[in-house]
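This structure is a prediction, so every number in the text was calculated from the model and none was measured.
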Amino acid sequence: MNAQEHIDLINHFSAHNYHPYPVVLAEGEGVWVKDVEGKRYLDMLAAYSAVNFGHRHPALIAAAKAQLDKITLTSRAFHNDQLGPFCRDLAQLCGMETVLPMNTGAEGVETAIKLARKWGYEKKGVPGNEAVILVCDGNFHGRTITIVSFSTDDQARGGFGPYTPGFKVIPYGDADALEAAITDRVVGFLFEPVQGEAGVVFPQDGYIKKVREICTRKNVLMIADEIQSGLGRTGKTFACDHENVKPDVYILGKALGGGIMPISAVVSSHDIFSVIRPGDHGSTFGGNPLATAIAREVIRLLRTGEFQTNATKLGKVLFDELTAARLPAVKEIRSRGLWAGIVVDTKFGNGRHFGEKLMANGLLCKETHENTIRLAPPLCISESDLGFALERLKKVLNPN
Ligand SMILES: *Cc1c(COP(=O)(O)O)cnc(C)c1O
């Protein structure tokens, strides 16, 4: 079948909950993907950072294949021989103690919310059913009913009520607003150290440190959703590392599964997790041996530090070259590591317009919030492949 025939099938038989670019991918290797007609593209989205190590990284594929020949699913009714080592390795990578594995990012967020509420009732002494979790304006934490209940995006939220109570939205990047919003009912502050879906938005330097100080002083759990910002993307293992801060709770996902299996995890301390007892929470596929075998290899790759180093080094090249080019269609560039949000001047077209032009030039990326082009290539990208991307970006973003 050709591309159009595939797209027709999707239009006919799939729910229309996405508006994908008109390209039908069939193969991928490293930073490159190929469509059904054999055309090659450089993947500058990396499945929203789920493919941080590139498509089909040989070590990850080897781990998956080896595990496929042993056992793939046991449920948590029994132990399996991958889960223990995975939990140990991930706890150590995070500098924490306890891991609760789930599958998708949204489930990880839901898990962290349950954890914070129960901790609030049992450890902080908040009266039953009165816990409040503070979240930020512009947040993206997933798509479940509870999570969209505290979204500030009308499209994500609209039409899905009634909504889950127990959340309060405060401005992002404003430590004073956080301090002012904390009452004796507040059990946690859930935030993204970098707001990815909002358009790669960074808080001011020092914000994460202030959040840490306030949460400690007020006995509120600092819950960092590092599903997209974590695991090397910004040039450090965690975005919180840029301010040498450890939150109380990490939520991880996306890249943890090596682009092969969905796996997410909530990572915290023994003490905080002591409120979760057998039967309180779980998932049939959570912690399955196939996903955890792959995730262990992901952790091994991260331990070398090579991906973080490459993200720092080539992220600087990306930012410096795009800035120096003074491209007429570019209003602002925000970036850290290999993660950039390029705000385009709508005088020349919106984000989608430029995304489609970049695609025609062999680069796949995705706009977010109308006028921001988000760049997040696999962290294994080489300098010459980045050069290819820069050449196309400079051409397309110079419409004169
Ligand atoms: C992608 C994402 C999620 C949701 O993950 P899913 O696997 O799509 O459910 C949550 N938080 C952040 C910051 C994300 O980027």
Side-chain angles (χ1 to χ4, degrees), residues 105 108-110 112-117 119-121 123-127 129-142 146-158 163-230 234 238-251 268 272 332 334-336 339 341 343 368-369 372:
V109 172
E110 291 269 349
I113 290 168
K114 289 172 78 173
L115 178 65
R117 285 181 170 183
W119 173 87
Y121 301 131
K123 298 266 179 175
K124 187 168 174 171
V126 172
N129 299 325
E130 289 192 22
V132 172
I133 292 175
L134 302 175
V135 297
C136 291
D137 194 19
N139 72 72
F140 181 83
H141 296 287
T146 288
I147 294 170
V148 301
S149 291
F150 56 80
S151 172
T152 56
D153 179 324
D154 289 340
Q155 208 200 341
R157 190 170 189 271
Y163 301 110
T164 307
F167 300 92
K168 185 166 188 269
V169 179
I170 61 173
Y172 183 62
D174 184 339
D176 294 337
L178 170 63
E179 174 116 36
I182 295 176
T183 65
D184 57 3
R185 302 298 197 255
V186 172
V187 298
F189 174 52
L190 169 64
F191 79 112
E192 300 156 87
V194 182
Q195 288 190 326
E197 297 309 299
V200 194
V201 175
F202 299 89
Q204 279 207 340
D205 286 349
Y207 173 67
I208 297 173
K209 250 202 172 90
K210 281 189 198 153
V211 168
R212 175 68 281 176
E213 188 276 315
I214 293 165
C215 288
T216 302
R217 183 159 43 79
K218 300 274 194 174
N219 195 27
V220 164
L221 296 184
M222 175 180 178
I223 306 167
D225 179 346
E226 293 241 24
I227 290 169
Q228 196 166 159
S229 62
T234 65
F238 301 103
C240 286
D241 291 346
H242 288 281
E243 298 194 13
N244 294 312
V245 163
K246 282 260 171 275
D248 297 299
V249 179
Y250 275 127
I251 313 170
S268 185
I272 291 167
E332 189 189 342
R334 301 184 285 260
S335 88
R336 180 166 283 170
W339 204 9
V343 184
T368 172
H369 283 244
T372 303

[Y] and [X], any side-chain heavy atoms less than 4.5 Å apart:
X	Y	answer
Ile208	His242	no
Cys240	Tyr250	yes
Leu178	Lys210	no
Leu221	Val187	no
Pro193	Tyr207	no
Ile182	Phe189	no

[atom1] of [X] to [atom2] of [Y]: how many Å apart, nearest 0.5 Å?
X	Y	atom1	atom2	answer
Tyr163	Thr146	OH	OG1	12.5 Å
Asp137	Asp153	CG	CG	10.5 Å
Asp248	Ile272	CG	CD1	4.5 Å
Glu192	His141	CD	NE2	4.5 Å
His369	Phe140	NE2	CZ	9.5 Å
Trp119	Ser268	CH2	OG	10.0 Å

Locate the shortest heavy-atom distance separating [X] from [Y]; write the atom from each residue and the value.
X	Y	result
Ala156	Ser151	CB-OG, 3.7 Å
Thr234	Ala239	OG1-CA, 3.9 Å
Val186	Lys124	O-NZ, 2.7 Å
Thr372	Gly199	CG2-O, 3.7 Å
Tyr121	Pro127	CE2-O, 3.3 Å
Gly142	Val148	O-CG1, 4.0 Å

Open item on the list: Test side chain to side chain contact (heavy atoms under 4.5 Å, CB included) on Phe150 and Leu190; report intermediate values, then the result.
Closed with: CA-CA 11 Å; Phe150 56 80; Leu190 169 64; 3.8 Å; yes

If the threshold is 4.0 Å, N to carboxylate O, is there a salt bridge linking [X] and [Y]?
X	Y	value
Asp241	Arg336	no
Glu130	Arg185	yes
Arg217	Glu179	yes

Open item on the list: If you apply the rule side chain to side chain contact (heavy atoms under 4.5 Å, CB included), what do you find for Ile223 with Ile251, and how did you get there?
Closed with: CA-CA 7 Å; Ile223 306 167; Ile251 313 170; 3.7 Å; yes

Open item on the list: With a 3.5 Å distance limit and no angle check, can you tell me whether Arg157 reaches the backbone of Ser149 through a side-chain donor-acceptor pair?
Closed with: yes

Open item on the list: Strictly distance-based, threshold 3.5 Å: is any side-chain N or O of Gln195 a donor or acceptor partner for the main-chain N or O of Pro203?
Closed with: no

TODO: Hey, can you tell me if Phe202 and Trp339 have their rings parallel, tilted or perpendicular (30° and 60° cut-offs)?
DONE: perpendicular

TODO: Please assess Met222 against Val211 for the test side chain to side chain contact (heavy atoms under 4.5 Å, CB included), listing each intermediate value before the final yes or no.
DONE: CA-CA 8 Å; Met222 175 180 178; Val211 168; 3.9 Å; yes

